[in-house]
Asks: 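Below: one structure in structure tokens.
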Amino acid sequence: MFTENANRIFNRAIDDYHRFDDVDHPVENPFDEGLLDHLLYMKNWVDTVQWHLEDIIRDPQIDPVEALAIKRRIDKSNQVRTDMVEYIDSYLLDKYKAVVPQSDARLNTETPAWAIDRLSILALKIYHMRQETQRSDVDEAHRDACRKKLDVLLSQQVDLSRAIEELIEDIEAGRKYMKTYKQMKMYNDPALNPVLYGAKK
């Protein structure tokens, strides 16, 4: 199953990151370029690094200059994340380009890759919530509350995985069709962000 493989790759990327737990550690993708597995691993690695950057920037003692640098790094990471989603959708569009949609085929609310994006983030939530259930520096009430949240996240993972499988099956059968939109983020574009293009006047 597609999502079974994706979840396994996401877990591997998360485990690989936490062997070093360093936002500056270079990625060592174990999959060959051009493969979907390579894209899935890179997607989750970007998500994992950004997860920890978001933690760091919330340190109340952080130096404001460092915080600004991290915020700009997060902005760049968001653009890379969007690009990775579009790469995955392009891969799937090419894979199913020979499928002829049925006359009553419907458009899904999101593309497969944006659903996969949510699945990648969910793998991170599960990893970190599980860590909370294993802490020794908190009381049992905290661990128990986190176990209940973990159960919900695991249930959500099952449901989302099933929904993605059904979406892919529908695309393969022509019951649904893919249509992608470039996200066209504006805040990093000096031609579209008024603060940036205003500074040139």
Side-chain angles (χ1 to χ4, degrees), residues 1-18 27 29-51 54 77-133 146-185:
M1 290 175 57
F2 178 90
T3 54
E4 183 178 341
N5 181 58
N7 284 321
R8 183 167 52 247
I9 291 171
F10 295 157
N11 289 337
R12 179 170 182 177
I14 293 167
D15 288 342
D16 287 349
Y17 172 87
H18 285 96
V27 58
N29 196 319
F31 303 101
D32 293 335
E33 287 192 39
L35 298 178
L36 180 59
D37 289 359
H38 182 93
L39 289 175
L40 293 172
Y41 187 96
M42 282 301 302
K43 172 69 180 69
N44 185 265
W45 184 273
V46 169
D47 293 339
T48 303
V49 170
Q50 185 166 331
W51 177 287
E54 297 279 7
S77 177
N78 273 323
Q79 185 63 61
V80 172
R81 171 176 165 260
T82 298
D83 292 344
M84 295 301 302
V85 170
E86 292 177 352
Y87 293 153
I88 294 168
D89 266 336
S90 294
Y91 181 98
L92 295 173
L93 273 171
D94 185 66
K95 180 177 180 179
Y96 299 120
K97 63 184 177 183
V99 175
V100 178
Q102 298 176 12
S103 59
D104 60 347
R106 294 173 295 169
L107 182 65
N108 202 56
T109 184
E110 64 182 351
T111 65
W114 279 111
I116 292 163
D117 170 73
R118 291 194 289 126
L119 195 64
S120 174
I121 301 300
L122 193 53
L124 277 161
K125 291 181 179 179
I126 288 169
Y127 176 91
H128 288 96
M129 192 61 71
R130 183 172 284 121
Q131 293 295 107
E132 290 296 314
T133 70
C146 290
R147 279 192 287 267
K148 291 175 181 175
K149 292 178 181 178
L150 178 60
D151 287 343
V152 173
L153 291 171
L154 291 169
S155 177
Q156 185 180 357
Q157 186 181 51
V158 170
D159 292 343
L160 180 56
S161 295
R162 183 185 301 115
I164 292 171
E165 293 293 340
E166 290 173 355
L167 174 58
I168 291 173
E169 288 171 4
D170 283 344
I171 291 171
E172 289 176 339
R175 293 186 294 267
K176 289 188 176 179
Y177 63 94
M178 287 182 64
K179 186 175 182 181
T180 62
Y181 306 89
K182 296 293 184 183
Q183 293 301 304
M184 296 175 285
K185 289 188 179 292

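What's counted below: heavy atoms across the whole structure, side chains too, no hydrogens, waters or symmetry copies. All values reported here derive from a predicted model rather than from experimental measurement.
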Asks: Please tell me if the side chains of Ile126 and Arg130 come closer than 4.5 Å, counting only heavy atoms from C-beta onward.
Replies: yes
Asks: Atom CD1 in Ile14, atom OG in Ser120: separation rounded to 0.5 Å?
Replies: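 Interatomic distance, Ile14 CD1 to Ser120 OG, rounded to 0.5 Å: 6.5 Å.
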Asks: Atom OG1 of Thr82 and atom CG of Asp117: how far apart are they, to the nearest 0.5 Å?
Replies: 8.0 Å
Asks: Taking the side chain as every heavy atom from C-beta outward, state whether Pro30 and Arg12 have any atom pair closer than 4.5 Å.
Replies: yes
Asks: If the threshold is 4.0 Å, N to carboxylate O, is there a salt bridge linking Arg162 and Asp159?
Replies: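 Salt bridge flag = yes for Asp159 with Arg162.
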Asks: Assess the residue pair Phe10 and Ile121 against the criterion (side-chain contact (heavy atoms from CB on, under 4.5 Å)); give the C-alpha distance rounded to whole Å, side-chain angles, the decisive distance to 0.1 Å, and a yes or no.
Replies: CA-CA 9 Å; Phe10 295 157; Ile121 301 300; over 6 Å; no
Asks: Verify the neighbour count for atom CZ of Arg147: are there more than 12 heavy atoms of other residues, nucleotides or ligands below 6.0 Å?
Replies: yes
Asks: Which is it for Gln156 and Lys125 under the side-chain contact (heavy atoms from CB on, under 4.5 Å) test, yes or no, and what are the steps along the way?
Replies: CA-CA 11 Å; Gln156 185 180 357; Lys125 291 181 179 179; 5.7 Å; no
Asks: So which atom in Val99 and which in Ile171 form the shortest heavy-atom distance, rounded to 0.1 Å?
Replies: CG1-O, 3.3 Å
Asks: Can you find a heavy atom in the side chain of Asn44 that is under 4.5 Å from one in the side chain of Ile9?
Replies: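 The answer is no; the side chains never approach within 4.5 Å.
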Asks: Kindly compute the distance separating CG (Leu40) from CG (Asn29), expressed to the nearest 0.5 Å.
Replies: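 Spacing of CG (Leu40) from CG (Asn29) equals 10.0 Å.
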Asks: Can you find a heavy atom in the side chain of Asp32 that is under 4.5 Å from one in the side chain of His38?
Replies: no
Asks: Would you please test Glu169 and Arg175 for side-chain contact (heavy atoms from CB on, under 4.5 Å) and show each step?
Replies: CA-CA 8 Å; Glu169 288 171 4; Arg175 293 186 294 267; 4.3 Å; yes
Asks: Compare every heavy atom of Asn7 with every heavy atom of Gln157, then report the nearest pair and how far apart it is.
Replies: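 Gln157 and Asn7 have their closest heavy atoms at NE2-OD1, 3.5 Å.
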Asks: Report the distance from atom CD1 of Ile168 to atom NZ of Lys95, rounding to the nearest 0.5 Å.
Replies: 7.5 Å
Asks: Nearest heavy-atom pair of Glu4 and Glu165: which atoms, and what distance?
Replies: N-OE2, 4.3 Å
Asks: Check the pair Asp89, Thr111 against side chain to side chain donor-acceptor pair (under 3.5 Å), reporting the backbone distance first and the verdict last.
Replies: CA-CA 7 Å; Asp89 266 336; Thr111 65; 2.5 Å; yes
Asks: Do Asn11 and Arg8 have side-chain N/O donor and acceptor atoms under 3.5 Å apart?
Replies: no
Asks: Just do the side-chain contact (heavy atoms from CB on, under 4.5 Å) check on Trp45 and Asp16 with the steps written out, would you?
Replies: CA-CA 9 Å; Trp45 184 273; Asp16 287 349; 4.1 Å; yes
Asks: Which atoms form the tightest heavy-atom contact between Ala173 and Gln102, and what is the distance?
Replies: O-NE2, 3.1 Å
Asks: Who passes ring-ring contact (aromatic ring centres under 6.0 Å, His included) against His18, sequence neighbours left out?
Replies: His52, Tyr127, His128
Asks: Are any non-hydrogen side-chain atoms of Val27 and Tyr41 less than 4.5 angstrom apart?
Replies: yes
Asks: If you take all heavy atoms of Ala105 and Gly174, which pair is closest and at what distance?
Replies: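 Minimum heavy-atom separation between Ala105 and Gly174: CB-O, 3.3 Å.
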Asks: Starting at CZ of Arg118, measure out to CG of Leu160 and round the result to the nearest 0.5 Å.
Replies: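 Answer rounded to 0.5 Å: 5.0 Å.
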Asks: Could you give the distance from CD (Glu172) to CG (Leu92), rounded to the nearest 0.5 Å?
Replies: 9.5 Å
Asks: Taking only Lys NZ, Arg NE, NH1 and NH2, and the carboxylate oxygens of Asp or Glu, determine whether Lys148 and Asp151 approach each other closer than 4.0 Å.
Replies: no
Asks: Would you call Glu132 and Lys149 a salt bridge, taking side-chain N to carboxylate O under 4.0 Å as the test?
Replies: no
Asks: Does atom OH of Tyr96 have more than 12 heavy-atom neighbours, drawn from other residues, nucleotides or ligands, at distances under 6.0 Å?
Replies: yes
